[in-house]
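Structure, as structure tokens:
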Amino acid sequence: MNEKPQTARSYRSNVIDDNLVLSFNFKFLANLLLVGGSILYGWFSLQERIANLEKEVLEAHNEIRNLLSKHQLEESAQLEELENKLKFYEKELNINPLSWRKRKKK
């Protein structure tokens with residue numbers, strides 16, 4: 001007789017065909033499902049973390065752009081103020097001694 005003895009962890013079905021015998025090891029199947037579930041859970045949590053990181057990077061880029069534009073506006077206002085002061089000093093104070101004579105003639 002070619003019959004294998006039944007074990008506690010396996011199930012042996014009836015003969016479907018003369019040459020086909022199906023047997024399932026339930027412990028292996030349970031371990032396979034646990035490993036597959038763990039891999040899927042890890043994959044989806046990794047995907048969620050990557051999506052959150054991408055969203056945070058986009059928010060950081062937007063904040064950087066806003067701060068950069070703010071600083072550029074402040075810098076341009078300071079530059080304009082300095083140019084006005086420079087024009088005033090060039091107009092009012094004549095530091096070049098060679099041009100003092102020209103100014104007196106006018």
Side-chain angles (χ1 to χ4, degrees):
M1 298 195 181
N2 288 339
E3 301 249 349
K4 290 183 182 179
Q6 272 189 329
T7 60
R9 291 183 275 172
S10 297
Y11 174 75
R12 185 179 170 114
S13 69
N14 293 333
V15 176
I16 296 174
D17 194 10
D18 288 338
N19 297 326
L20 181 65
V21 176
L22 296 176
S23 68
F24 295 105
N25 189 342
F26 288 115
K27 186 176 180 182
F28 176 73
L29 186 61
N31 287 338
L32 185 65
L33 289 175
L34 285 173
V35 168
S38 299
I39 290 172
L40 283 175
Y41 175 75
W43 175 258
F44 285 118
S45 65
L46 180 66
Q47 291 295 321
E48 182 181 351
R49 186 171 178 193
I50 289 172
N52 288 338
L53 288 173
E54 287 176 348
K55 188 170 87 171
E56 289 176 6
V57 166
L58 289 176
E59 289 173 0
H61 280 297
N62 288 336
E63 186 175 347
I64 289 170
R65 282 190 204 119
N66 291 338
L67 290 173
L68 186 61
S69 64
K70 176 184 171 185
H71 288 296
Q72 285 176 344
L73 288 175
E74 290 175 358
E75 184 179 337
S76 64
Q78 287 177 351
L79 184 61
E80 185 178 329
E81 182 182 341
L82 288 174
E83 286 176 354
N84 289 337
K85 285 182 181 179
L86 182 63
K87 286 178 185 177
F88 171 76
Y89 287 125
E90 285 177 350
K91 182 180 177 185
E92 294 297 322
L93 298 175
N94 192 2
I95 300 176
N96 186 1
L98 297 176
S99 66
W100 289 345
R101 186 171 170 205
K102 292 178 185 175
R103 189 167 187 174
K104 289 180 183 178
K105 288 183 180 179
K106 288 182 182 182

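Since the structure is predicted, the reported quantities are computational estimates derived from the model, not experimental observations.
Listed by first then second residue, pairs satisfying side-chain hydrogen bond (donor to acceptor under 3.5 Å, both in side chains) with a partner in residues 37-59 number zero, not counting sequence neighbours. Under the side-chain hydrogen bond (donor to acceptor under 3.5 Å, both in side chains) criterion, the residue pairs touching residues 60-73 are Asn62-Arg65, with sequence neighbours excluded.
The hydrophobic cluster containing Leu67, built from Ile/Leu/Val/Met/Phe/Trp/Tyr side-chain heavy atoms closer than 4.5 Å, comprises no other residue.
Between the CG atom of Leu33 and the CZ atom of Phe28 there is a distance of 10.0 Å, given to the nearest 0.5 Å. Leu86 contributes atom CG, which lies 10.5 Å from atom CG of Leu79 (distance to the nearest 0.5 angstrom). Here Ile39 contributes atom CD1 and Leu34 contributes atom CG; the two are 11.0 Å apart, rounded to the nearest 0.5 Å.
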Let me see the working for Glu81 and Lys85 under salt bridge (Lys or Arg N to Asp or Glu O under 4.0 Å), right down to the final yes or no. CA-CA 6 Å; Glu81 182 182 341; Lys85 285 182 181 179; 3.6 Å; yes
